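So you know, we letter chains A, B, ... as the sequences are listed, proteins then strands, and number each from 1. Note that the coordinates shown come from a computational prediction; the quantities given were computed from them, not determined experimentally.
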Amino acid sequence: MTSSKEALAHSAASAETAPGDEPGAVRGAQVRGTPPAATHSWRSRLYRWDMKASPYVFISPFFLIFGAFSLVPLLYTGWYSLHNVQLSDLDNQTWVGLDNYQNLLSSDFFWNSLWVTFTIGVIATVPQLLVAIGIAHLLNYRLRGSTVWRVIMLTPYATSVAAATLVFVLLFSWDGGMINWLLDFVGIDPVNWRESNWGSKFAVSTIVIWRWTGYNALIYLAAMQAIPADLYESASIDGANRWQQFVHVTIPQLRPTILFTAVVSTIGATQLFGEPLLFGGADGSKGGSEHQYQTLGLYMYDQGFMIGNLGKASAIAWSMFLILLIVAAINLLLTRRLRKTP
Amino acid sequence: MRARTRTARNTVVLAAVAALGAGLLAGCSEDPDDGTSNEGGGSTDGKITLTVGTFGVFGYKQAGLYDEYMKQNPDIVIKENVTTKTSVYWPKTLTRLQAGSGTDDIQAIEIGNVTEAVQTQGDKFVDLGKEVDKSQWLDWKNQQATTKDGKLIGLGTDIGPMAICYRKDLFEKAGLETDRTKLAEQWKGDWSKYVALGEEYMKKAPSGTKYVDSASSVYNAALGGATERYYDKDGNPIWDNSKGVKDAWDAAMSVATSDMSAKLKQFETPWDQGYAKGTFATVACPAWMIGYIQEKSGDAGKGKWDVAAAPTAANWGGAFIGVPTASKHQKEAVALAKWLTAPEQQAKVFAKQASFPSTPSAYPSLKPSPDTTAYFSDAPLTQIFSDSAKTIPVQHFGTKDQPIGTAIADIGIVQVEQKGKSPEEGWDAASKEIKDVLGQ
């Protein structure tokens, strides 16, 4: 959430701050920075020390917690990934070097899960963001009871993954599920959603889309409301209709926000876990009888906690981390290019 | 302009609040018991708190055993920490055992995990062999929880002796034998005879019904009576040339390649609905499934179900309870574990939950609830299950029994049953998976 707030604050600030106006934070610091009429030398030294150290003390809780609960486990996982470690025998670790990684690169299951993660990511993210922009645009009109609509948009997001997925499992049930019943209504043969290759990916994506569309729509909405109204006014004076305004004013103004949601969604897609796990039912960690919806997250869970091979699971975790770093790098390149184009 | 930014800020606040709310909701909706701290033991007001870690339904609370024990021992308070799924419960328990902290005073161990516990966690459990009269338990049950150097790490709770539950009304419509003794004679000794009767059933099957719920259930039931499973008695994997596995696989394949299976996955909602709608006529039922059938079939199934002896004596499921050495109240925990698994208490759990005792001396006094007996057409449940229990062969389990079973049932069998692949393709896919599991 922090990063999303930053992004919003950024877009809002850039729209509001008048040129030449000094941001308040800097001004405050200058006031504090004025040297006091110092009589006691140790007191002034203490004061200077306070000036230098305090900020670090204030920001330290986050970094301490980050270190304890993110950095150390991350490094420890890296250490595990170079060993043969069984869940049932944590004390006995044998050094195997890069064997676990080599094992992954030659494993069909790993490449399959990478492919599955990518395909589900695309099927889930692209329509989701498109629909979210559309909804945000509609909500941006003057509406009666707009808060009600916005709350409704967020309801799917507030629903727990487990509850949502269980409902979707029933809808997609091949025998007596509502979706197949509807298909039957229009004369299409029932689909075994869980076992079919694309059907299962589609079903899992549906759950993701359902849960996250409203969330993204609200982020877009917030960004849209920060677009200065005079841009629209001048556009309409120039004779642009609603659609032209949307394409030529709204979309360009939303560019940083779109990029932000795309990155967050990509990270979410790479870590996709709960939906396919629960969609798979009793033994969901396999992701279907042909692993047709076994994402990287599921593969890691299956190796680590169902099979008990923690070393290999750690190697998968680190591979996921590396993949995310690559995604972040691509994002950085894209951002730079976007900044250059006016 | 002003008004607009204010709404924007409101939207952000709304989003933040909703996100927090979602986090809380998600936290609640997961296993509610995960949040409870499992600090083993602790004493307040001079009372000792004993915690019991279980998965699924053990029936101790339901049968009122905790209350009874606390009444007899006023200085003891018992708290049960239940995790719904074994797949969540066991990894969590393993890590706590090895950390030597956070375990409950009593930890349940599922039969599929007991070998792993015996081979890798032996020193983390109290030896209960010296505390109890071991002859009270079925011999094969004790053996499963005994380490190489003769340490008994868990006391047997229930076992899962197998029978066949069948819908008498559907059998009658299909023109088959409905008497439970004569029926048992027809398939006695071989699961393939049970499958063969399915061919008969399908010829005149009432519309919309199938003979059996799934091919995996036939596989599990058949394997449950085999002397050879995935490992030999020295712990070497023999899954690819084990006779037990081959026979069970063949029986499952003749179901999967025919139209006699309702193709359901056990313990999932459609399976429950199958009971309610009566879409399958038979199911291999271990004793613990009796209560499940009664609950899911509901009033509509009353008096229509019957129980017959299974083709071979077989076991499916069951558990142990052990006392971790990390428990701060070992003496009290051992006493409680002994009491909970004593024949009288096991009989009480049977009366409430139909979990079948692992202590034969309890068998003569077993009384299923009158409700259950009536539900299953007055079948002599106690006799059918105890006959099976006494003749179950000793089976050897291995450290990776569960993942191997999952590979065969959820990969191999499902590919044949639901995706129409050939049995050879199904077996190849399962083999590939098992080799990955075993690192071969």
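Using a 4.5 Å cut-off between heavy atoms, Gln418(B) contacts chain A through both its backbone and its side chain. Proximity to chain B (any heavy atom under 4.5 Å) is restricted, for Ser173(A), to the side chain, taken from C-beta onward. Only the side chain of Glu116(B) comes within less than 4.5 Å of a heavy atom of chain A; its backbone N, CA, C and O stay farther away. For Gln119(B), no part sits under 4.5 Å from any heavy atom of chain A, backbone or side chain.
Top candidate by heavy-atom pairs under 4.5 Å with chain A, chosen from Lys277(B), Gln273(B), Gln121(B), Gln266(B), is Gln121(B). Top candidate by heavy-atom pairs under 4.5 Å with chain A, chosen from Val414(B), Leu438(B), Thr399(B), is Val414(B).
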Next on the checklist: Show, in sequence, the C-alpha distance, side-chain angles and deciding distance for Leu170(A) and Thr269(B), and conclude whether the side-chain contact (heavy atoms from CB on, under 4.5 Å) test is met.
Outcome noted: CA-CA 8 Å; Leu170(A) 286 182; Thr269(B) 321; 3.7 Å; yes
Next on the checklist: Under the criterion side-chain contact (heavy atoms from CB on, under 4.5 Å), I'd like the reasoning laid out for Asp108(A) against Lys432(B): C-alpha separation, chi angles, the key distance, then a yes or no.
Outcome noted: CA-CA 10 Å; Asp108(A) 293 351; Lys432(B) 193 177 157 199; 3.0 Å; yes
Next on the checklist: Met306(A) vs Val437(B), test: side-chain contact (heavy atoms from CB on, under 4.5 Å). Steps then yes/no.
Outcome noted: CA-CA 10 Å; Met306(A) 305 313 284; Val437(B) 166; over 6 Å; no
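A distance of 3.5 Å separates NE2 of His291(A) from CD of Glu433(B), quoted to the nearest 0.5 Å.
The nearest pair of heavy atoms linking Gln98(B) to Leu87(A) is NE2-O, 2.8 Å. Between Tyr301(A) and Ser87(B), the shortest heavy-atom contact is OH-O, 4.1 Å. Taking both residues in full, the closest heavy atoms of Gly280(A) and Glu268(B) are given as O-OE2, 3.6 Å, listed atom of the first, atom of the second, then distance.
Taking the charged nitrogens against the carboxylate oxygens, Lys263(B) and Glu195(A) have no contact shorter than 4.0 Å, which rules out a salt bridge.
For the pair Lys400(B) (side chain) and Ile307(A) (backbone), a donor-acceptor distance under 3.5 Å is present.
Counting only heavy atoms from C-beta outward, the side chains of Gln303(A) and Asp436(B) approach each other to under 4.5 Å.
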